[in-house]
There are 2 protein chains.
Amino acid sequence: MNQVICTVDVVLLTIRHDALMVAVIAREHAPFKGRLALPGGYIHANEDHNAYDAAIRVIKEKAGIVAPYLEQLLTFSGPARDPRGWSVSIAHYALVPFDLVYQADNDVKLIKVDGKLSLPFDHDTMVQKALERLSNKSQYSSLPCFLAGDMFTLPQLQRIYEVLMGEPINKVTFRRKIGEMDMLELVEGGFAASGAHRPAQLYRLKNAFRQRLMLLERGM
Amino acid sequence: MNQVICTVDVVLLTIRHDALMVAVIAREHAPFKGRLALPGGYIHANEDHNAYDAAIRVIKEKAGIVAPYLEQLLTFSGPARDPRGWSVSIAHYALVPFDLVYQADNDVKLIKVDGKLSLPFDHDTMVQKALERLSNKSQYSSLPCFLAGDMFTLPQLQRIYEVLMGEPINKVTFRRKIGEMDMLELVEGGFAASGAHRPAQLYRLKNAFRQRLMLLERGM
DNA sequence: TGAATAGTGTCTTTGAGACAATATTGC
DNA sequence: GCAATATTGTCTCAAAGACACTATTCA
């Protein structure tokens, strides 16, 4: 009556060339052995403090990194989503700067999220729900900063916001909002030169905002 | 290694005399037998289609009603939250008009949520998270309508919004927003007389909005 | 008629977006 | 200087809130 399989899955997202990418790995075991799927695994009751810790462990084991941002997404459940039987998967989503995924020693493949994914289980739905959550939260928080690297320019950050929200933002408004949030500090003497034009000032997140989200009263 | 207990819990909320109340029931079995706690129970793998259906079943069994609004909240997990062992509880929250809870034949008790609750397990946290979610969603959606009855006046609805959001709303702005959402229809000849003053017009939700939320671009 | 709440009109203030002017770089 | 992008100033327009006026009921 309570034969329920308990797992966690992680929708690990990053951004590259103005495109959102999701991390997938070839499955080592049945079911769907060899197929590309979201990183995931059983909850280890003897080892994990809770599902969040299980997700941290999965990211570390499968992608070799510690994600700057990780949040519980939704829990998927039912008799048919996993051929092994009635199952529960506590889905999470993680945001990681591209360099962090790329430099790590892992077998992760990155797939653009705008095409058809055709992942096994209900992983397509998980990705879709993660994108919805991300799109919503980006409108009224500092969440997108976790996809930028340690240092970034305001035009770069604006492009990230635009990719996540799926629509252009007014430049003046964007800078006003970022100013209101008061979460960035200027990198002294740091400029990003990228061609025959004025270089952009580099910024970094203030320490206080590396651990928590800044919320906006009114959205972007 | 995968000895995990799987349950669902429901934060069933209603509003009475401008105060938010949560439904609790005396526990029939150990642990915490006799203590007031959120309605919940094991997932029945042979019977439930998924966790959402399990929550519907729990509400029906324990409170004798079908909630107009039900949504998955968060999943709570860990070795210590339930004395029976490493457990997962998929928490949901439900919104129900007061009359529906009150008329039903059940053993539900309603407690104001503003005092200290001291519920067993991590149920206090569940209630707190439900209130946060409710407060957030109320700012930019029609969610509070599910706490009103079949018919209601605009002043009544405004008071519900104010209770959920925890702050007063400008009357003119409120009516402008409700008008924009275009989700209410006037009840012909329906007025709520309540004393020595002009009676208020009764409205009801248009049919299309009984099943889905209306979202606002900018919040209340 | 007076008190009380419902409902509406309108003015003021605030904030978002448009536009454009200035700044800095490599060629 | 010219092209290209960064950064900032300012004007315009739309939305939110304040205020007040009218409407309707019962005592």
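Chain A is the first sequence line, chain B the second, and so forth, proteins listed ahead of strands; every chain is numbered from 1.
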Note to self: Between A:Phe174 and A:Gly195, which residue's closest nucleotide on DNA chain C lies nearer the 5′ terminus?
What the structure shows: A:Phe174
Item checked: End-to-end axis angle, where each axis spans five pairs of the helix from C:dT1-D:dA27 to C:dC27-D:dG1, to 10° -> 10°
Note to self: Can you confirm whether more than 12 heavy atoms, excluding those of B:Lys177, are under 6.0 Å from its NZ atom?
What the structure shows: yes
Checklist line | Nearest-angstrom distance from the residue atom CZ of A:Arg218 to C1' of D:dA16 | finding: 7 Å
Check: Does A:Lys177 place a side-chain N or O at less than 4.0 Å from the phosphate oxygens OP1/OP2 of C:dA16?
Finding: yes
Margin query: I need the CG-C1' distance between A:Asn170 and D:dT10, as an integer number of Å.
Written below: 13 Å
Note to self: For A:Asp107, is the CG atom crowded, meaning more than 12 foreign heavy atoms sit under 6.0 Å from it?
What the structure shows: no
Next item on the list: Give the ring-plane orientation class for B:Tyr140 versus A:Tyr140, where under 30° counts as parallel, over 60° as perpendicular and anything between as tilted.
Entry: tilted
Item checked: Length of the CG-P vector between B:Leu216 and D:dA14, whole Å -> 19 Å
Next item on the list: For the residue pair A:Leu38 and A:Val127, establish whether any side-chain heavy-atom pair is separated by less than 4.5 Å.
Entry: yes
Check: Do B:Tyr69 and B:Leu213 come within less than 4.5 Å of each other through their side chains, counting heavy atoms only?
Finding: yes
Check: A:Asp18 and A:Arg159: salt bridge (Lys or Arg N to Asp or Glu O under 4.0 Å), yes or no, with the steps?
Finding: CA-CA 7 Å; A:Asp18 294 349; A:Arg159 260 169 243 122; 5.0 Å; no
Check: Can you tell me how far P of C:dT14 sits from CD of A:Glu217, to the nearest Å?
Finding: 16 Å
Check: What integer distance in Å separates A:Tyr161:OH from C:dA16:C1'?
Finding: 17 Å
Check: Which whole-number value in Å describes the distance from B:Ile169 CD1 to D:dA15 P?
Finding: 19 Å
Considering only nitrogen or oxygen atoms on both sides, find all protein atoms under 3.5 Å from nucleotides 6-10 of chain C and state each distance.
{"unit_1": "C:dA6", "atom_1": "N3", "unit_2": "B:Arg198", "atom_2": "NH1", "d": "3.3"}
{"unit_1": "C:dG7", "atom_1": "OP1", "unit_2": "B:Gln201", "atom_2": "N", "d": "2.7"}
{"unit_1": "C:dG7", "atom_1": "OP2", "unit_2": "B:Arg175", "atom_2": "NH2", "d": "2.7"}
{"unit_1": "C:dG7", "atom_1": "N7", "unit_2": "B:Lys171", "atom_2": "NZ", "d": "3.0"}
{"unit_1": "C:dG7", "atom_1": "O6", "unit_2": "B:Lys171", "atom_2": "NZ", "d": "3.3"}

Margin query: Rounding to an integer number of Å, can you tell me how far A:Leu157 CG sits from D:dT7 P?
Written below: 12 Å
Item checked: B:His49 NE2: over 12 foreign heavy atoms closer than 6.0 Å -> no
Check: Hey, does B:Leu216 have a side-chain heavy atom less than 4.5 Å from the side chain of B:Ser141?
Finding: no
Next item on the list: Determine the sole option in A:Arg204, A:Lys206, A:Arg210 for which the salt bridge (charged side-chain N to carboxylate O under 4.0 Å, His left out) test with A:Glu185 is passed.
Entry: A:Arg204
